[in-house]
Amino acid sequence: MKYGSDKWNERYGVDEYVYGKEPNLFLKENFKVIPMGNVLCVADGEGRNSVWLAKQGYLVDSIDFSPKAIEKINRLAQENDVSIKTICNDLLSYKFGINKYDGIVSIFSHFRVEETNKLHRKYFNALKPNGVFLMEAFAKEQLLLDTGGPKNIELLYNTENIKNSFPDGKIELLKKDVVYLHEGDMHDGKAVVVRAIIRKPSE
Ligand SMILES: C[S@@+](CC[C@H](N)C(=O)[O-])C[C@H]1O[C@@H](n2cnc3c(N)ncnc32)[C@H](O)[C@@H]1O
């Protein structure tokens, strides 16, 4: 079995976009909570979300540790005539900076709870005051379903995990939802997700 970025390089090493080219629906329906400006898309995959945000007028940075993902993000950006700053690096070690982003978007990025806590602390610090963290990820109940996501309960979320990882954030939305995903063959059908919109308070 392949681990780390090798697994993702293999998955993305096909011509088609495995999660499609359309943005995630929760992002599409809620992006306006993010003040216009600089956005970081983490674990961005093949770029469907970052490219769409760039088309809405945001200045977008995109990070993923798979070189194949970065190649496909750049290709999709070119197809759509937008420019994105791509960063090929490991989220767990990358330094995101302080007070830099108006929004951080995390769609189906899965880590163990300790890593999630550390990552979310880094994201919170990287947001500007009034900046927004927007996420969707599979909930623990998704383990029983075969419609996508990691097959390891430790990599799945509940709302409590997310709440605890942003002790100083203002929670504007945090809920578990049953949704119907149509994001390529890998995310297809009824799924249970956790969705969050969390704002960094203004100073
Ligand atoms: C399920 S995909 C989601 C892709 C994208 N967000 C989307 O919704 O289309 C998860 C992504 O996380 C990336 N990833 C996993 N672990 C990572 C890490 N430690 N650092 C950077 N990227 C990582 C993978 O390369 C993969 O592209």
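As the structure lists them, so they are numbered: ligands from 1, and atoms in each ligand from 1. Both backbone and side-chain heavy atoms feed into the values below; hydrogens, waters and symmetry mates do not.
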Is it the side chain (CB and beyond), the backbone, both or neither of Asp44 that lies under 4.0 Å from ligand 1, heavy atoms counted? backbone

Using non-hydrogen atoms of the residue, decide whether Tyr94 is closer than 4.0 angstrom to ligand 1. no

Below 30° counts as parallel, above 60° as perpendicular, anything between as tilted: where do the rings of Phe108 and His110 land? parallel

So which protein heavy atom does atom 26 (C) of ligand 1 come closest to, and at what separation? Tyr12 OH, 3.3 Å

Less than 4.0 Å between a side-chain N and a carboxylate O, is that true for Lys68 and Glu71? yes

Heavy atom under 4.0 Å from ligand 1: found in Asn49's side chain, backbone, both, or neither? side chain

Counting from 1, what ligand 1 atoms have a heavy atom of Gly45 closer than 4.0 Å? 4 (C), 5 (C), 27 (O)

Considering only heavy atoms from C-beta outward, does the side chain of Val193 approach that of Gln142 to under 4.5 Å? no

Could you tell me whether Arg48 and Glu46 have a side-chain N and a carboxylate O separated by less than 4.0 Å? no

Checking the side chain of Asp64 only, and the main-chain atoms of Asp44 only, is there a donor and an acceptor separated by less than 3.5 Å? yes

Numbered in order shown, the ligand 1 atoms found under 4.0 Å of a heavy atom of Phe108 are 1 (C), 2 (S), 3 (C), 10 (C)

Side-chain donor/acceptor of Arg199 to backbone N/O of Asn130, under 3.5 Å: yes

Residue-level breakdown please: for Phe65 versus ligand 1, do any non-hydrogen atoms fall below 4.0 Å on the side chain, on the backbone, on both, or on neither? both

Any idea which part of Ala69 is under 4.0 Å from ligand 1, heavy-atom wise: side chain, backbone, both or neither? neither

Please determine whether ring pair (Phe, Tyr, Trp, His ring centres under 6.0 Å) holds for the pair Phe124 and Phe133, giving the CA-CA distance in whole Å, both sets of side-chain angles, and the decisive distance to 0.1 Å. CA-CA 8 Å; Phe124 188 78; Phe133 174 73; 9.7 Å; no

Heavy-atom contacts with Asp90 under 4.0 Å: which atoms of ligand 1 show up? List them by number with element. 18 (C), 19 (N), 20 (N)

Just distances here: any N/O of Asp64 and N/O of ligand 1 closer than 3.5 Å? yes

NZ of Lys128 to OG of Ser202: how many Å apart, nearest 0.5 Å? 12.5 Å

Do ligand 1 and Ser66 have nitrogen or oxygen atoms that lie under 3.5 Å from each other? no

State the atoms of ligand 1, each with its element, that fall below the 4.0 Å cut-off from a heavy-atom position in Ala43. 3 (C), 4 (C), 5 (C), 6 (N), 11 (C), 12 (O), 13 (C)

Pull out every atom of ligand 1 sitting under 4.0 Å from any heavy atom of Ile107, numbered as shown with elements. 3 (C), 5 (C), 6 (N), 8 (O)

For the residue pair Trp52 and Phe31, categorise the inter-ring angle as parallel (less than 30°), tilted (30 to 60°) or perpendicular (more than 60°). perpendicular

Would you mind checking which non-hydrogen protein atom is closest to atom 20 (N) of ligand 1, with the distance to 0.1 Å? Leu91 N, 2.9 Å

Asn89 near ligand 1, heavy-atom distance under 4.0 Å? yes

Does Asn24 come within less than 4.0 Å of ligand 1, judged by its heavy atoms? no

How long is the gap from CD1 on Ile162 to OG1 on Thr116, to the nearest 0.5 Å? 6.5 Å

Testing the 3.5 Å rule here: is there a donor-acceptor pair between the side chains of Asn117 and Ser165? no

For atom 8 (O) of ligand 1, which candidate among Lys21, Glu115, Arg48 holds the nearest heavy atom? Arg48

Between ligand 1 and Val42, is the shortest N or O to N or O distance under 3.5 Å? no

